[in-house]
There are 2 protein chains.
Amino acid sequence: MRMTSQREIILEELKKLKNHPTADELYLVVKKRLPRISLATVYRNLEQMSEAGIIKKLEYSGRQKRFDGATHPHNHIHCIRCGRIADVKTRPGNSVHSIIKDAAGFQVIDDQIEFTGICPDCLTTENMGNSH
Amino acid sequence: MRMTSQREIILEELKKLKNHPTADELYLVVKKRLPRISLATVYRNLEQMSEAGIIKKLEYSGRQKRFDGATHPHNHIHCIRCGRIADVKTRPGNSVHSIIKDAAGFQVIDDQIEFTGICPDCLTTENMGNSH
DNA sequence: ATAAAAATAGTAATCATTATCAAATAGGAA
DNA sequence: TTCCTATTTGATAATGATTACTATTTTTAT
Ligand SMILES: [Mn+2]
Ligand SMILES: [Mn+2]
Ligand SMILES: [Zn+2]
Ligand SMILES: [Zn+2]
């Protein structure tokens with residue numbers, strides 16, 4: 001992945017922000033440094049960088065997608081009122097219960113494990129070998 | 001919550017389907033019994049019933065919302081290729097690792113705990129007492 | 001320098017969901 | 001039953017985030 005100036009600045013500003021911005025929030029910030037950048041460019045590069053694993057895309061909650069410059073494994077809590085997303089700090093050995101007590105001041109309502117993967121059907125199709 | 005015939009049939013058909021249908025998928029099924037029903041009515045009632053806790057709304061995955069007639073606590077795995085969502089059966093005492101091995105035939109790529117709650121700011125606003 | 005490939009800016013299109021609103025329906029009170 | 005009022009519905013318009021498109025610009029390789 002070649003680092004264009006747009007891509008570099010998008011990444012740089014995303015890493016500065018600790019609040020998991022949406023694409024358009026980040027666009028407003030980046031525009032201060034690159035006044036001619038297009039919103040489509042921000043979307044495009046965020047998508048590409050998340051596919052490349054340089055950043056992380058947070059798309060649970062059915063709302064706007066949010067992006068995270070911190071790629072180390074960590075969990076999030078999101079507010080059902082305003083949609084805000086915050087990190088949940090965990091240490092190895094912490095029980096879910098102890099995590100709940102220290103969820104960045106949130107009143108925790110629910111927790112569930114979200115698994116992602118590839119379903120049996122898609123695995124079969126993939127192995128038929130019409131990929132790349 | 002009064003049970004109109006539309007609402008009753010939407011709930012009935014949702015409970016029959018075990019594959020977490022989207023609103024429009026369920027609409028097609030319900031239309032066989034109520035040919036004059038509107039898609040908006042399906043959306044409206046799914047929203048209301050999920051607010052009432054009669055059904056569950058699954059909105060993680062960034063795609064179309066899906067609905068679940070089974071309200072007991074359970075986790076889901078979703079396919080990053082086709083978006084399909086399946087139940088993950090867990091028993092008390094199962095480690096996350098053992099769950100992963102039996103995730104309905106899926107190849108598991110990632111798991112994370114998703115917390116939902118109310119953020120400090122929204123809690124403050126709520127306690128100022130301009131609610132209901 | 002020239003040509004091919006990749007990326008960008010600007011804008012149009014998409015599509016799931018929500019909002020709107022006139023018409024239909026359902027309960028009650030009289 | 002009849003009339004009144006509140007709720008719900010069906011149809012359609014509006015919204016809004018994201019993606020697709022395309023002409024132009026920028027980069028890379030020859
Ligand atoms: Mn984070
Ligand atoms: Mn389920
Ligand atoms: Zn909040
Ligand atoms: Zn699949």
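Here is how names work: the chains are called A, B, and so on, in the same order as the sequence lines, proteins then strands, and each is numbered from 1. What's counted below: heavy atoms across the whole structure, side chains too, no hydrogens, waters or symmetry copies.
The pair B/E25-B/R66 counts as a salt bridge, with a side-chain nitrogen and a carboxylate oxygen less than 4.0 angstrom apart.
Remark: P of C/dC15 and OH of B/Y43 are 13 Å apart, rounded to the nearest angstrom. Separating the CD atom of B/E59 from the P atom of C/dA16 is a distance of 16 Å, rounded to the nearest angstrom. C/dT8 atom P lies 11 Å from atom CD1 of A/I9, rounded to whole Å. Rounded to an integer number of Å, the gap from B/D24 CG to C/dT14 P is 17 Å. Atoms CD (A/Q64) and P (C/dC15) sit 20 Å apart, rounded to a whole Å. Computed from coordinates, the A/R44 CZ to C/dA6 P distance equals 14 Å when rounded to whole Å. The nearest whole Å value for the distance from the OH atom in B/Y27 to the P atom in C/dA16 is 14 Å. What separates CZ of B/R36 from P of C/dA24 is a distance of 10 Å, to the nearest Å.
Between A/I77 and A/V108 the shortest side-chain heavy-atom distance falls below 4.5 Å. The shortest side-chain heavy-atom distance between A/L58 and A/H20 falls under the 4.5 Å cut-off. Between A/D68 and A/L14 there is no side-chain heavy-atom pair separated by less than 4.5 Å.
Mapping A/A40 and B/Q6 onto DNA chain D by nearest heavy atom places B/Q6 closer to the 5' end of the strand. Two residues, B/R2 and B/L34, neighbour DNA chain D, and the one matched to the more 5' nucleotide by heavy-atom proximity is B/R2.
The six-membered or imidazole ring of B/H78 lies away from that of B/H76, with a centre-to-centre distance of 6.0 Å or more.
A donor-acceptor contact shorter than 3.5 Å is absent between the side chain of B/R84 and the backbone of B/C79. Distance alone, capped at 3.5 Å, places no donor-acceptor pair between the A/R33 side chain and the A/I9 backbone. A donor-acceptor pair is defined here as one N or O able to donate and one able to accept, closer than 3.5 Å; such a pair exists between the side chain of A/K15 and the backbone of A/G69.
Extent of DNA chain D lying under 4.0 Å from chain A heavy atoms, first and last nucleotide in 5' to 3' order, is D/dA17 to D/dT28.
A sub-4.0 Å separation between OP1 or OP2 of C/dT18 and a side-chain N or O of B/K65 is present.
Checking C/dA9, C/dA16, C/dT8 against the side-chain heavy atoms of A/S38 singles out C/dA9 as nearest.
Put simply, NZ on A/K65 and CD on A/E47 are 5.5 Å apart, with the number rounded to the nearest 0.5 Å.
Defining each end axis of the helix from C/dA1-D/dT30 to C/dA30-D/dT1 as the rotation carrying four pairs' C1' atoms onto the next four, with five pairs an end, the two axes are found to diverge by 20° to 10 degrees.
Counting any heavy atom pair closer than 4.0 Å across all strands shown, B/T41 reaches a base atom.
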